[in-house]
2 protein chains.
Amino acid sequence: MKYVDATARAKILKALASPIRLMLVDELSRGDRCVNDLRPLAQVTQSAISRHLAQLKNAGIVTERRAGLRNIHHLECPCILQALDCTLGVLRSEAQHRSKLTKTE
Amino acid sequence: MKYVDATARAKILKALASPIRLMLVDELSRGDRCVNDLRPLAQVTQSAISRHLAQLKNAGIVTERRAGLRNIHHLECPCILQALDCTLGVLRSEAQHRSKLTKTE
DNA sequence: AAAGTATATGACTATATGTGAATATTGTCA
DNA sequence: TGACAATATTCACATATAGTCATATACTTT
């Protein structure tokens with residue numbers, strides 16, 4: 001894998017690599033939402049949510065459209081759910097690994 | 001999605017979210033490697049490679065075993081390749097999106 | 001035991017990221 | 001136009017991350 005490709009891919013993974021942004025993506029996977037809808041998901045200021053969404057937009061994961069005062073956010077790439085699956089896989093295999101260790105030692 | 005779950009998942013994605021670590025994972029997906037094998041992949045010091053590998057280990061993505069002087073690294077979770085697929089998906093849909101914009105405007 | 005090889009770690013610097021508070025922008029409605 | 005609501009942006013600061021160099025550790029070979 002070339003460095004440029006890896007960099008492009010890393011940028012996307014980086015955009016996902018935050019608890020808050022994962023929760024935003026998770027919520028958006030169930031339908032479009034405006035910032036105010038998403039606000040209660042995390043205990044941070046509106047400013048912070050806005051910046052997290054900006055990162056997701058910047059990575060091409062999320063798009064937005066205006067609807068009057070609201071800015072509606074839309075999950076552009078449902079393929080993101082693959083990445084979420086992957087994390088579950090790691091967590092599972094880690095749990096397995098740990099239980100093996102405790103059995104042996 | 002709860003914050004604790006999201007945090008665990010974010011930790012894994014964070015471990016992947018670096019060009020160098022992606023290249024390491026990519027190489028490991030083709031077989032086990034020791035640090036010296038991986039060193040030429042990135043133009044950083046041995047120290048840096050070692051730290052990157054430590055992060056992958058810490059996230060449960062990679063495991064290691066001693067073989068004499070060598071520390072052999074092994075990709076524990078091939079499911080990681082799902083996450084890599086996902087990034088391709090985003091890149092593709094972004095390219096599509098961009099070409100639509102240039103056509104319309 | 002001494003020398004050598006492979007890898008990890010500590011101390012440090014530079015840069016990036018996350019955050020709240022305050023402020024700016026954009027759009028609506030009276 | 002003026003007041004208001006939703007969202008974005010800027011600033012100042014704290015913390016995290018990536019990198020290097022020097023050094024420590026683990027193991028092998030002579």
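Order of the sequence lines fixes the chain letters, A, B, ..., with proteins taken first and strands second; residue numbering starts at 1 for each chain.
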Output one letter per nucleotide in nucleotides 23-30 of chain C: B when a protein non-hydrogen atom lies under 4.0 Å from the base, S when only the sugar-phosphate is that close, - when neither is. ----BS--
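On a pure distance criterion of 3.5 Å, a polar donor-acceptor pair joins the side chain of A:Ser47 and the base of C:dA21.
Here A:Lys14 does not reach the OP1 or OP2 of C:dA16: none of its side-chain N or O atoms lies under 4.0 Å away. Contact between the side-chain N/O atoms of B:Asn36 and the OP1/OP2 oxygens of C:dT5 is not found at any separation under 4.0 Å. The phosphate of D:dA8 has OP1 or OP2 within less than 4.0 Å of a side-chain N or O from A:Lys57.
Side-chain atoms of A:Arg51 do not come within 3.5 Å of backbone N or O of A:Ala54 as any donor-acceptor pair.
Over its length, the helix from C:dA1-D:dT30 to C:dA30-D:dT1 turns its helix axis by 20°, as judged from the five terminal pairs at each end, rounded to 10°.
At a threshold of 4.5 Å between non-hydrogen side-chain atoms, the residues B:Ser18 and B:His52 count as touching.
Of the inter-residue distances, the one linking A:Lys14 atom NZ with A:Gln55 atom CD reads 9.0 Å to the nearest 0.5 angstrom.
Using a 4.0 Å heavy-atom criterion, one finds that B:Arg21 contacts the sugar-phosphate atoms exclusively.
Residues B:Asp32 and B:Arg65 are paired through a salt bridge, judged by an N-O separation under 4.0 Å between the basic side chain and the carboxylate.
A donor-acceptor contact closer than 3.5 angstrom is absent between the side chains of A:Arg39 and A:Gln46. A donor atom on one side chain and an acceptor atom on the other are not found under 3.5 Å apart for B:Ser93 and A:Glu76.
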